[in-house]
Amino acid sequence: HGIVLGLGLVLPLTLITAGFMSGWGSHHMGGSSSDAGGLWLMGWSRDGGDLRVAHFFATHALHFVPALALVSTTVFGRNALWPVRAAALLFVGFVAYCFVEALLGQPFLGFID
């Protein structure tokens, strides 16, 4: 069930985030328009919003949702579908949060310097 949900979420979430980023012409939303000094490893902006954060998590829903489903089956059993669906819904909310946070010009993990 987790794999099906993950596959089903990848396309719409990625199309929304990548489509907006493509239409905007940049992944920067406020802050400097340089990747220099970005968040370690990923290079995400630390002084403004970065649409690549939401795009990263949207694209990797195929990995995160099945992993959450695996944990759910361990905790709640194989036949409990509600935790998998709840985890998928929370993941969609997390991607939406990252997207809106970027649109508002807020850096992901802005508290890390």
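Residues: numbered from 1 along the sequence shown.
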For this session: Please say whether more than 12 non-hydrogen atoms of neighbouring residues, nucleotides or ligands are located less than 6.0 Å from CG in L15.
Result: yes
Exercise. Got a second to check how far L62's CG is from L13's CG, nearest 0.5 Å?
Worked result: 12.0 Å
Taking distance alone, no hydrogens or angles, what donor-acceptor pairs closer than 3.5 Å link side-chain atoms of residues 81-88 to residues at least two apart or in another chain?
unit_1: R85; atom_1: NE; unit_2: H1; atom_2: NE2; d: 3.2

For this session: Starting at CG of D50, measure out to CD of Q106 and round the result to the nearest 0.5 Å.
Result: 13.0 Å
For this session: Say whether, by atom type as modelled, one donor and one acceptor occur between the side chain of T59 and the main chain of H55 under 3.5 angstrom.
Result: yes
Problem set entry | Over all atoms of both residues, closest heavy-atom pair of A69 and G2 | CB-CA, 3.7 Å
For this session: Indicate yes or no for a side-chain donor-acceptor contact from T14 to the backbone of L11 under 3.5 Å, with no hydrogens or angles considered.
Result: no
Exercise. Do the side chains of L51 and L103 get nearer than 4.5 Å, heavy atoms only?
Worked result: yes
For this session: Check the hydrophobic clustering (I, L, V, M, F, W, Y; side-chain heavy atoms under 4.5 Å; chains of links allowed) and say if L68 and V92 are grouped together.
Result: no
May I have the list of side-chain donor-acceptor pairs in residues 93-102 shorter than 3.5 Å, sequence neighbours left out?
unit_1: Y97; atom_1: OH; unit_2: E101; atom_2: OE2; d: 3.3

For this session: Indicate, with yes or no, if V10 and I3 share a hydrophobic cluster defined by side-chain heavy-atom contacts under 4.5 Å among Ile, Leu, Val, Met, Phe, Trp and Tyr.
Result: yes
Exercise. Quick one: ring pair (Phe, Tyr, Trp, His ring centres under 6.0 Å) partners of F64, sequence neighbours excluded?
Worked result: F57, F91
For this session: Give the cluster check for V4 versus L7: same hydrophobic cluster or not, with ILVMFWY residues linked at side-chain heavy-atom distances below 4.5 Å.
Result: no
